[in-house]
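Order of the sequence lines sets the chain letters (A, B, ...), proteins ahead of strands, with each chain counted from 1. The figures here come from the full heavy-atom set of this structure, side chains too, leaving out hydrogens, waters and symmetry mates.
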Amino acid sequence: MKIRKIRIITGIILALFFISAPAFGVDDEPPTSVRIDSLSHLYEGVDFDHELHVDIEENCSVCHHHRFSSEVAADRCAACHSECGGTFSPTCSDCHVAEPFTGKHIRQMEEDPHRFHVDITGLKGAYHLKCLNCHIETGAPTECVDCHERTDAGNRFYSSGKYAPTGGKSGGSHE
Amino acid sequence: MKNFIKEGFKPVDSLNDPDDGHQWSLMQKLLLGLSPKEYFQQLRRNPFNWFLFMIFAVGLPVIVYRYINGLGSVMHGSFDYPWGLFLGFGLFCMVPLSASGFLLGTTVELFGQKDYKPILNLALLNGLLGYFFAVVFLLVDLGMPWRLYYPMVISWGTAAVLFLVGWHVATYLTVQVLEVSESFFEWIGWPTAKNYIHKGTIGLTVAGIILSTLHQGALGTLLTYAPGKVHPLWYSAEFMWIFFLCSSIFAGLCMVIAVSTIVKKTMSWRCSGEFLDNLDSITIGLAKGASMALVTYLVIKIVGMTHDNLWAYLTTGWGTWYLLEIGLGVVLPIILFSFAIRNKSVGLIRFTAFLTIFGLLLNRLNTVLISFNWNLYQEWPPLLETIISVTIFFLFVTVYRFILYRLPILYAWQAVPAKELVSVPVPEQADPDPVQPEHQFAKVVTPS
Amino acid sequence: MSGISRRKFLKSTVVAGGSAAAAMSSTKSFAMKEFEGYPESMGVLVDLTRCIGCRTCEAACNKEHGLPEPELPFDDFSVFDQVFHEGKQKRRTTEKAYTVVNRYDTKAQGAPVYRKLQCFHCSEPACLTSCFVNAYTKTKEGAVIYNADVCVGCRMCMVACPFSMPAYTYDSALHPQIIKCNFCYDNRLTKGKPPACVEACPQEALTFGHRKTLVKTAHERIRSNPKKYVDHVYGEKEVGGTSWMYLSSVPFDQAGFNTTLQHHPILDNTKSFLGIVPMVLGIWPALFMGFHLLAKGGKGDKESKDKVEVHGE
Ligand code: SF4
Ligand code: SF4
Ligand code: SF4
């Protein structure tokens, strides 16, 4: 029973940020909004306001390694990938896998001698590292619930909210 | 007791009542030949018994409390200080103080220094009881004492130094039980068993040296598992075992001096004339041995300090504390001992022996408890832990005294020409020490 | 002979049984001059530059192992202000928490550094080598696990652990035991899954993989970002190497690490003593018997002859 519960919870955390981005049109128009929610268990999904972020930061390469139709921007990447044109999908989940640490995936990464990028973060890591670091740098909101509401299961996980131990305060911030 | 002696009472010191020649019963032997009423009287008269009673009245319930509520209820239950007084004092101090058994065993049995014979039994008993009570301390300290035999039987951690300590202490305890059992068999009246053990004396003594050398050193080595936790001044990966082995030598010798001093002061009625007469010269001899060990210890300490280049630490607060320990516990004793030996001042030797023991206690406690986690925080043993430790220590004293009162440790078992005792194959007096011509009775009775 | 070989050697000679694989690896390491760790060992690289102190890992560990409810919720960050023993110690692992995250306000950098702490799963664990009932096992996956069934409760392992990681249920009278992170060995590692804390960390501050690979990854991260990292992989060499390793942007001592640890296994410290054991066992009996005979022989009296006869028996 306990094991099952644990399995469910962990499975859910893992896939928490599995992206379900809408299919992109070939017209190279960025989406206005992306819903990141495929396994929103501890936290609700995020309605990512893509348009807002495009307005704030016009340089796509700040967030994306590449776009559909343009060249790879960063010099470092261009050294190898300049020929690739815009053929890559900009969708994070194409390279950043949801479960980076399964035995199978670790082996895959290690056993391919021609693979150059081996230290690729998983999807959840990619999101948080990208989003949160920028939010911290730019003074944008940084608390977890600023982007996604905590669910009931999330509260149980953190022993918070109505699951808080008596006497403890919950939903604290780093301040 | 002294009162009875004054009245002309003579405690049991032979198998048979010298008056009518009948064999003492076990009960009579236990009561030293007094009637139960008299025995109780003397118990009550001695204020020390009241002192013990008070300690046990407080301490024994605390021990029970510990077993009911777990270790956490009496210790500070710190994860950074897993060991407290039980091991810091009970194991790390009791064991070196009990090195006396193998030291005197070697001197008398192997090197044939029969001058020390009168004190040999005391030294052996001191060793046995010290180890035994170290194990008692261990039983209090272990989380699951009923699993004490696990390292022997269930699961072997063969590469662990503690494994070696465990096995050696267990084996050595057995050796010591055998050694002391000679006196016991004499007392209980099984001369055959006694003779049988006596034949193994040399073997037991050699076993004692081997085991002692190894586990005294091993206790020090235990701490090399915790470099960085033990302050560098008390730590040395290479020399730790030599420090501990060497200090156990003077500790054991000084313990014999100290115990014999107390014995002489408080229970001279139980000591044979031979013991009392020779005690002063023996004490001087022991002091010579101890000061040699002290000097060696000081030298290797200095070598160790140079080797690890620890001089800079001496200027810190820890350094002062360390110098105090070395000064009070090593350097001062060396000076006092050499002065006292030259002037044959036995009183000063006795004082110095106590001082040295204090120095050793300080050293062990410093290493295991006080300087432990020196760069973290310091923690003092809580009250209940201290109470238990004191209680067990006085339990040790009580048992010690109980045995000294009875077994032929301080006195020689007298051979009364046995009227009914024809069946005893060997004359009593021949067994305790055939090597010893000056034995009072040996001269008279030994058939040659 | 390196420490591991002695241990393994003793183990393989003294303790009967054991799988063929274990025997093989033992002979292998016995032949090796320097202990290089277990080839298959997994590990975790903790990148302090990524950690945001969200304590999700603590919560995940707590739920994974069904540990007692915390005193404060896992999203209560006031715990970072907790100090003990007159401010000399921050939170540490306890019998209720296999892992804790602490905050360090460092001089070197404006923003605080957070450090997750748990058993390091040493390659040559001091807890294991100091245990006299062999309660610990270093599995081939790299986890250092503990068996409460044989533990006697002497707490030697707690003394020996260079990181003071093992905690103990002092309050249990009948079955006290050591409590520490087990690398999620039973539930996850053996099933090809990463530890719960690794999986839960939103920042991927914890990277799970083969230790061997992680060492390379760590150096690669430093190489490709030399300004960001201190050029040291904590745990690569410390006490002979640990399965959990750390990268930091501030000097490690400022993030609460003990930077004075030796770079060879703790077990090595007992070598100089263990070296004399066979010597004492072999030489002492002959030596002292010799002394004895000399002492006796010199006198040449009757008793000494008695004595000599006695040994003859
Ligand atoms: S960190 Fe401590 S408890 Fe963990 S494996 Fe190393 S020595 Fe053992
Ligand atoms: S590896 Fe497992 S047991 Fe260890 S801290 Fe992480 S979740 Fe807890
Ligand atoms: S979950 Fe990750 S980011 Fe959060 S405190 Fe733990 S290690 Fe740091």
Side-chain angles (χ1 to χ4, degrees), chain A residues 2-3 5-7 9-11 13-14 16-17 42-43 76 96 99-107 109-110 118-129 131-133 136-137 142-145 150 154-161 163-175, chain C residues 42 44-45 47 49-50 52-56 58-60 62-66 68-80 103 111-112 114 141 184 186-189 191-196 198-210 212-214 216-218 220-221 224:
Chain A
K2 199 183 100 198
I3 304 271
K5 205 171 79 191
I6 289 166
R7 264 203 216 127
I9 292 178
T10 45
I13 307 166
L14 231 197
L16 180 55
F17 295 102
L42 298 184
Y43 290 91
R76 241 207 221 166
H96 297 279
E99 298 194 348
F101 299 127
T102 58
K104 193 165 156 243
H105 188 256
I106 289 176
R107 236 174 298 125
M109 300 292 272
E110 282 178 354
V118 282
D119 188 13
I120 306 175
T121 53
L123 188 56
K124 182 171 53 165
Y127 280 142
H128 283 100
L129 285 170
C131 302
L132 192 57
N133 281 1
I136 291 171
E137 272 168 32
T142 54
E143 293 308 325
C144 307
V145 289
R150 171 106 42 82
N155 278 335
R156 188 179 310 135
F157 178 83
Y158 285 100
S159 304
S160 183
Y163 301 99
T166 38
K169 74 174 165 54
S170 56
S173 79
H174 278 76
E175 306 320 319
Chain C
M42 305 304 293
V44 173
L45 178 64
D47 192 331
T49 66
R50 291 182 180 180
I52 49 165
C54 66
R55 300 184 66 211
T56 305
E58 284 188 47
N62 177 281
K63 296 296 176 289
E64 172 78 22
H65 297 281
E69 273 294 291
E71 260 162 50
L72 295 172
F74 285 109
D75 54 3
D76 185 336
F77 302 112
S78 67
V79 295
F80 293 137
R103 184 189 64 210
Y114 297 94
E141 294 87 349
C184 294
D186 297 325
N187 302 349
R188 305 180 134 265
L189 222 54
K191 303 205 172 79
K193 289 197 284 180
V198 170
E199 200 169 84
C201 175
Q203 285 285 91
E204 212 167 286
L206 317 171
T207 305
F208 175 72
H210 281 114
K212 246 178 14 201
T213 316
L214 290 177
K216 288 183 209 148
T217 306
E220 187 55 29
R221 280 192 202 167
S224 56

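Neither the backbone nor the side chain of C:L45 comes within less than 4.5 Å of any heavy atom in chain A. In this structure, the portion of A:N133 lying under 4.5 Å from any heavy atom of chain C is its side chain and not its backbone. Heavy-atom distances place the side chain of A:I106, and not its backbone, under 4.5 Å from chain C.
Within the 3.5 Å criterion, the main-chain N or O of C:E199 finds a donor-acceptor partner in the side chain of A:K124.
At a threshold of 4.5 Å between non-hydrogen side-chain atoms, the residues C:N62 and A:F157 do not count as touching. With contacts defined as side-chain heavy-atom distances shorter than 4.5 Å, the pair A:V118/C:T213 does not qualify.
With rounding to the nearest 0.5 angstrom, the CZ atom of C:F77 is 6.5 Å from the CD atom of A:E143. With rounding to the nearest 0.5 angstrom, the CG atom of A:D119 is 9.0 Å from the CG atom of C:L214. Of the inter-residue distances, the one linking A:L129 atom CG with C:Q203 atom CD reads 4.5 Å to the nearest 0.5 angstrom. Between the CZ atom of A:F101 and the SG atom of C:C201 there is a distance of 8.5 Å, given to the nearest 0.5 Å. The distance from atom CG of A:N155 to atom CZ of C:F74, rounded to the nearest 0.5 Å, is 13.5 Å. Put simply, CD on C:E71 and OG on A:S159 are 12.0 Å apart, with the number rounded to the nearest 0.5 Å.
Side-chain atoms of C:E204 and A:H128 include no donor-acceptor pair closer than 3.5 Å. Using modelled atom types and a 3.5 Å distance limit, the side chains of A:S160 and C:D75 yield a donor-acceptor pair.
For C:E58, the salt bridge (Lys or Arg N to Asp or Glu O under 4.0 Å) criterion is met by C:R55, C:R91, not counting sequence neighbours.
Comparing C:G209, C:P70, C:A111 by how many heavy-atom pairs each has under 4.5 Å with chain A, the most go to C:P70.
Nearest heavy atom pair, residue A:Y163 against residue C:E69, reads O-OE1, 3.8 Å. Scanning all heavy atoms of the two residues, the minimum distance from C:K63 to A:R156 falls at CE-O, 3.1 Å.
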